[in-house]
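Numbered from 1 within each chain, the chains take letters A, B, ... in sequence-line order. Because the structure is a prediction, the values reported are computed rather than measured.
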Number of protein chains: 2
Amino acid sequence: MAETRSTARTGGSRQRASHSLEAVVGEAVALLDEDGEAALTFRALAARLGGGVGSIYWYVSGKDELVARASDHVLAGVLADTEGATGSPDPVDDLRAVAVAFFEAVSSRPWLGAYFLRDVDLQPNAVLLYERLGQQVLRLHLPPRETFHAVSAVMGYVIGTAADLGRRPEAAGGDAAEPERGLDDLVAHWRGLDPEQFPFIRHVVEEFAVHEDAEQFRAGLDLLLAGLRLQADRQR
Amino acid sequence: MAETRSTARTGGSRQRASHSLEAVVGEAVALLDEDGEAALTFRALAARLGGGVGSIYWYVSGKDELVARASDHVLAGVLADTEGATGSPDPVDDLRAVAVAFFEAVSSRPWLGAYFLRDVDLQPNAVLLYERLGQQVLRLHLPPRETFHAVSAVMGYVIGTAADLGRRPEAAGGDAAEPERGLDDLVAHWRGLDPEQFPFIRHVVEEFAVHEDAEQFRAGLDLLLAGLRLQADRQR
DNA sequence: ACCTGAACACCGTTCAAGT
DNA sequence: ACCTGAACACCGTTCAAGT
């Protein structure tokens, strides 16, 4: 990480902080990543930047724009990571690879889901990512409507699942002091349900108890992609 | 709607409001439905109930619990609506019906997605809905792991897509005064993109321009369910 | 047992004043 | 052109006091 703030000395008297849009957005993402959504406060951000609250408004019109730009900042990384992953012979494989990278970015940042593609002007990378997902589907040569629906479905599934899983309490191992009423409690509660009334839950509790989020995501994604492949094959 | 508040006169002097958990949660949902997420304020809610802010804390431990209970309150309606829709010969059709009803409830209430199944103790209806979705998949006789994955995938897709679409600006017709920079602007912007750099977006803009959320949702759901059906058929 | 409302510790946002 | 920080209008939450 490079220096994000520069304090200029004028004589020996006072100093003024000097920011930039990149510094503001970068520190916002850092705050979000380190301490979660609630920690992103104009006061906390100003303290981190070493300046006053008001300065932030010079670069950003308000909190909505700040978070929208923070989202886009993260997506730049997803774009970089999937740069080379789109030339395989099977378009569906490429689509899967981009979706997985996208999922990883969002599941560790549940706030991102709610802001993705909300304001195109502030989120050029979101548009590029949407386009990249779409270009893989384009190679299946479906009609425009089916192409649109397929890409929308993948996006909806990725964002929805990621935000959902990202918000759930971490699996075992948890933080020291407070066990957080986590997954274990839920499993215990579900094991005790009446098998007559809750046959499904009783059928899957043990799977739920040992499941891993990333695997669960991939399994669902594969169902969706299988459906898509089927549709593409029918098309021919 | 029945009377939700009762003011008891003691002599001719003063009056005290009298609430109940159902009244508190019911008015919270009404506030949410009428004016959106930002309108749910303890002060606004207290005013609606005709009492003081502090009283609400007698029924609910804080805002998180309030919204969790509000979510569950809405899900009671979804359960009622899908009561009879689960006896058809095709389990996948039943799964689809429940998913569609769920989608409709969430897409008009984007706040619901973030709270669904967050606290099982406060959300018995969420558990019942999860169970109901699961029971349909159970009839496909997949192994526990695949069953779990399939239900998780449907839930993730429903919640994600619904919350996402629910948050997007309404299609044309919009509110009087402010056009809201809506869908039309987005379409105009996308029509102007370079076809070399954005072949996918250019390929689907016109579909996007005329699309309906519910149809888009159903198309993606059908892809997912086609994948699931394929998996179930392979199983035999 | 339940309701009240002032008080507290926070927010995001504004703006006159500075450099 | 950019930064400052007190001030404003709001929040959720607490709690001593009431009935």
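- As the counterpart of C:dG18, D:dC2 is assigned, both hydrogen-bonding distances of the Watson-Crick or G-U wobble pattern falling under 3.5 Å.
- The nearest whole Å value for the distance from the OH atom in A:Tyr59 to the P atom in D:dA1 is 13 Å.
- Listed candidates were C:dG12, D:dG12, D:dA6. Nearest to the side chain of B:Lys63 is D:dG12.
- Per the geometry, CD belonging to B:Glu65 stands 11 Å off P belonging to D:dT13, to the nearest Å.
- The pair B:Arg191-B:Glu206 meets the salt-bridge criterion, with a side-chain N (NZ, NE, NH1 or NH2) lying under 4.0 Å from an Asp/Glu carboxylate O.
- Using a 4.0 Å cut-off, some side-chain N or O of B:Trp58 falls inside it from OP1 or OP2 of C:dC2.
- Salt bridge status for A:Glu22 with A:Arg69: absent, with no side-chain N to carboxylate O gap under 4.0 Å.
- Scanning atom types as modelled, no donor and acceptor separated by under 3.5 angstrom connect the side chain of A:Arg43 and the base of C:dC10.
- Whole-Å rounding puts the A:Arg16 CZ to D:dG5 C1' distance at 13 Å.
- Taking the ring axis of A:Phe198 as reference, the NZ or CZ atom of A:Arg202 does not stay both within 45° of it and closer than 6.0 Å to the ring centre.
- Rounded to a whole Å, the CG atom of B:Leu45 is 12 Å from the P atom of D:dC11.
- Protein atom CG of A:Leu49 is 15 Å distant from nucleotide atom C1' of D:dG5, rounded to whole Å.
- Distances shown here put every side-chain N or O of B:Ser55 at or beyond 4.0 Å from the OP1 or OP2 atom of C:dC2.
- Classification of B:Arg218 and B:Glu212 as a salt-bridged pair fails, no side-chain N sitting under 4.0 Å from a carboxylate O.
- Using Watson-Crick or G-U wobble geometry with both donor-acceptor distances under 3.5 Å, C:dC11 finds no partner in any strand shown.
- The separation between A:Leu31 atom CG and C:dC11 atom P is 11 Å, rounded to whole Å.
- Looking at heavy-atom distances under 4.0 Å, A:Leu40 makes contact with sugar-phosphate atoms alone, never a base.
- We find that NE2 of B:His19 is positioned 17 Å from P of D:dT19, with the value rounded to whole Å.
- A salt bridge links A:Arg132 with A:Glu83: the closest approach of a Lys/Arg side-chain nitrogen to an acidic carboxylate oxygen falls below 4.0 angstrom.
- Distance, A:Tyr57 OH to D:dC8 C1': 12 Å, rounded to whole Å.
- Ranked by how close their nearest DNA chain C nucleotide is to the 5' end, A:Ala38 and B:Ile56 are led by B:Ile56.
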